[in-house]
Amino acid sequence: MLPVDQAESIILNLVQPLNTQRDVETVDLLTASGRILATPVTSKVDFPHWDNSAMDGYAVKFTDVKNSSPENPIALEIIEEIPAGYQPQQQIQPGQTARIFTGACMPKGSDTVVMQEVTQRQGNKVLIQKTPRPQEFVRYRGSFYTAGTPLLQPGIILGASEIAVLAALQCPEITVYRPPKVGILSTGNELVTPDQPLQPGQLVDSNQYALAVAVAQTGAEVIRLGIVPDEPEILKKTIAEAITSTDFLLSTGGVSVGDYDYVEDILTELGAEIQIHSVAVKPGKPLTVAKFADTQCVYFGLPGNPVSALVSFWRFVQPALKKLAGVQEAAWGPEFVTARSLQDLHSNGKRETYLWGQLKLGINGHEFQLAQGSHSSGNLINLAGSTGLAVIPLNETSIAVGESVQVLKIS
């Protein structure tokens with residue numbers, strides 16, 4: 001069995017990011033949410049585009065009002081009113097001011113905005129009753145961003161803030177990586193779909209649904225291949241066809257040491273180089289990872305037990321999928337946080353152990369609440385609602401209540 005960190009390293013080294021020339025597409029900005037930026041973005045314009053006011057008030061020369069106070073208010077002549085979207089028509093001279101509103105262009109000759117709350121209007125004059133700071137409430141052209149410098153870097157996931165920036169750039173289309181294609185199949189004569197009545201000894205194929213959702217949440221394209229019976233020729237044909245049209249191929253079941261576990265033999269027959277057979281992790285010990293040189297497809301044979309399948313995906317497949325998709329290295333994950341355990345946590349110490357439960361943010365930091373019930377790899381029921389996996393390291397058997405524990409964030 002490989003240690004967890006060694007298995008993770010092998011997997012990430014197998015995966016190459018999508019090609020920046022071949023594996024990109026141009027999409028409409030409104031459909032770019034969640035996509036991964038493929039090319040650098042720069043702008044030909046400064047942000048802000050012009051000097052503007054950050055407050056409703058009066059545009060002034062600081063030298064005119066530097067000694068103003070409630071006891072000694074300074075009176076200025078109002079020569080213009082400047083709402084947002086209006087081009088100022090006059091230049092501020094000594095002793096003059098312009099009524100200005102948030103976002104409006106600063107008039108020439110002014111360098112400071114006095115907020116209206118510390119002024120008193122008297123006809124076409126205004127009394128400045130407090131000394132502002134020099135350049136107060138002025139957003140100068142280029143103070144947020146200078147034209148021509150890098151703005152957005154490839155590998156970021158486009159969310160609301162990035163879309164807002166691109167819209168401000170007047171960029172209606174953007175170049176992003178294509179979604180990775182991930183095939184998912186389940187193996188086992190005992191499996192049935194959720195809409196079929198259960199016969200004695202049969203199991204519902206929940207893995208197909210769980211992995212489809214987990215893969216889709218990364219932004220990848222899901223290709224569901226259904227249930228494949230424990231018949232070597234059918235399984236071989238399914239895998240052989242799937243690896244020609246997918247970037248990753250995930251299977252569940254058939255990777256242990258049972259009489260009906262054919263996957264590794266089939267992979268070898270198809271020319272795959274098997275990199276991992278098992279990992280010192282609980283749940284999820286049986287994990288087969290192989291690379292097909294001719295197709296560049298990476299195969300992940302996940303355990304059949306439902307909790308093991310999901311834990312293996314979160315710990316090993318999801319980071320690899322992020323790398324493949326073009327995400328920046330710093331964001332590949334997995335993401336661990338330190339939390340205070342609210343219960344005693346136990347392990348036999350023979351494998352790195354993951355216990356599921358709820359990761360919460362308490363008054364004094366993160367806390368981990370262990371899910372009630374059996375922590376069996378076959379008990380999918382108490383996995384519902386879990387947001388974190390507490391990690392008991394290899395060769396450790398317990399973490400006491402109140403002690404710190406590393407928790408893998410899951411969603």
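Start at 1 with the first residue, then count along the sequence. Predicted, not measured: the structure shown is a model, and the values here were computed from it.
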Residues that D64 engages under salt bridge (Lys or Arg N to Asp or Glu O under 4.0 Å), provided they are two or more places apart
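D64: no salt bridge (Lys or Arg N to Asp or Glu O under 4.0 Å) contacts found.
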
Among residues at least two apart in sequence or on other chains, which ones pass salt bridge (Lys or Arg N to Asp or Glu O under 4.0 Å) with E136?
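Expected list: R133.
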
Kindly give the heavy-atom pair with the smallest separation between [X] and [Y], and that separation in Å.
X	Y	result
P303	P286	CG-O, 3.1 Å
A7	V279	CB-CG2, 3.8 Å
A339	F368	CB-N, 4.1 Å
P179	E221	CB-N, 3.9 Å
L302	L287	CD2-CD1, 3.6 Å
Q328	I156	NE2-CG2, 3.5 Å

Run the side chain to side chain contact (heavy atoms under 4.5 Å, CB included) check on H346 and T397 step by step: do they pass?
CA-CA 6 Å; H346 298 284; T397 58; over 6 Å; no

Would you find a donor on one side and an acceptor on the other, under 3.5 Å apart, between the side chain of [X] and the backbone of [Y]?
X	Y	result
S377	N305	no
K323	V15	yes
T295	C297	yes
R99	G57	yes
S143	Y140	yes
S110	M106	no
K291	A272	no
N52	W50	yes
N379	H375	no
N348	K350	yes

Compare all side-chain heavy atoms of [X] with those of [Y] and state whether any distance is below 4.5 angstrom.
X	Y	result
P283	W356	yes
E190	D230	yes
V289	Y299	no
L324	L18	yes
P319	P334	yes
V182	L321	yes
H366	T338	no
I276	I274	no

So, taking the atom named [atom1] in [X] and the one named [atom2] in [Y], what distance separates them when rounded to the nearest 0.5 Å?
X	Y	atom1	atom2	value
L169	T42	CG	OG1	8.5 Å
I266	T238	CD1	OG1	9.0 Å
T31	E173	OG1	CD	9.0 Å
Q87	I82	CD	CD1	9.0 Å
S278	R351	OG	CZ	9.5 Å
S68	K130	OG	NZ	10.0 Å

R121 to Y58 six-membered ring, cation-pi geometry met (6.0 Å, 45°):
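Pair R121/Y58 does not count as cation-pi.
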
Any ion pair linking [Y] and [X] (charged N to carboxylate O, less than 4.0 Å)?
X	Y	answer
E335	K409	yes
E241	K237	yes
R141	D46	yes
K181	D247	no
E269	K236	yes
R178	E25	no

Distance alone, cut at 3.5 Å: any donor-acceptor contact between the side chains of [X] and [Y]?
X	Y	value
S186	D205	yes
D56	T102	yes
T288	E264	yes
Q196	T193	yes
Y86	E80	yes

The test is side chain to side chain contact (heavy atoms under 4.5 Å, CB included); show your working for L380 and S206 and say whether it passes.
CA-CA 9 Å; L380 185 62; S206 61; 3.7 Å; yes

Given the side-chain rings of F300 and F248, with only the six-membered ring counted for Trp, is the space between their centroids under 6.0 Å?
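Here the rings of F248 and F300 have centres that are less than 6.0 Å from each other.
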
Counting only heavy atoms from other residues, nucleotides and ligands, does the tally under 6.0 Å from [atom1] of [X] exceed 12?
X	atom1	result
K61	NZ	yes
E273	CD	no
Q170	CD	no
I234	CD1	yes
N364	CG	no

Test M55 against I100 for side chain to side chain contact (heavy atoms under 4.5 Å, CB included), laying out the working first.
CA-CA 8 Å; M55 184 68 64; I100 197 167; over 6 Å; no

Carefully, step by step, assess T97 and I79 under the rule side chain to side chain contact (heavy atoms under 4.5 Å, CB included).
CA-CA 6 Å; T97 184; I79 63 169; over 6 Å; no

Run through N382, L383, L389 and flag the one making a side chain to side chain contact (heavy atoms under 4.5 Å, CB included) with S386.
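When side chain to side chain contact (heavy atoms under 4.5 Å, CB included) is applied between S386 and each of N382, L383, L389, only L383 qualifies.
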
Stepwise salt bridge (Lys or Arg N to Asp or Glu O under 4.0 Å) check, R315 with E8:
CA-CA 8 Å; R315 185 62 183 86; E8 178 185 53; 3.0 Å; yes

CA sep, side-chain torsions, deciding dist, call: F47, H49, ring pair (Phe, Tyr, Trp, His ring centres under 6.0 Å):
CA-CA 5 Å; F47 283 85; H49 306 317; 4.9 Å; yes

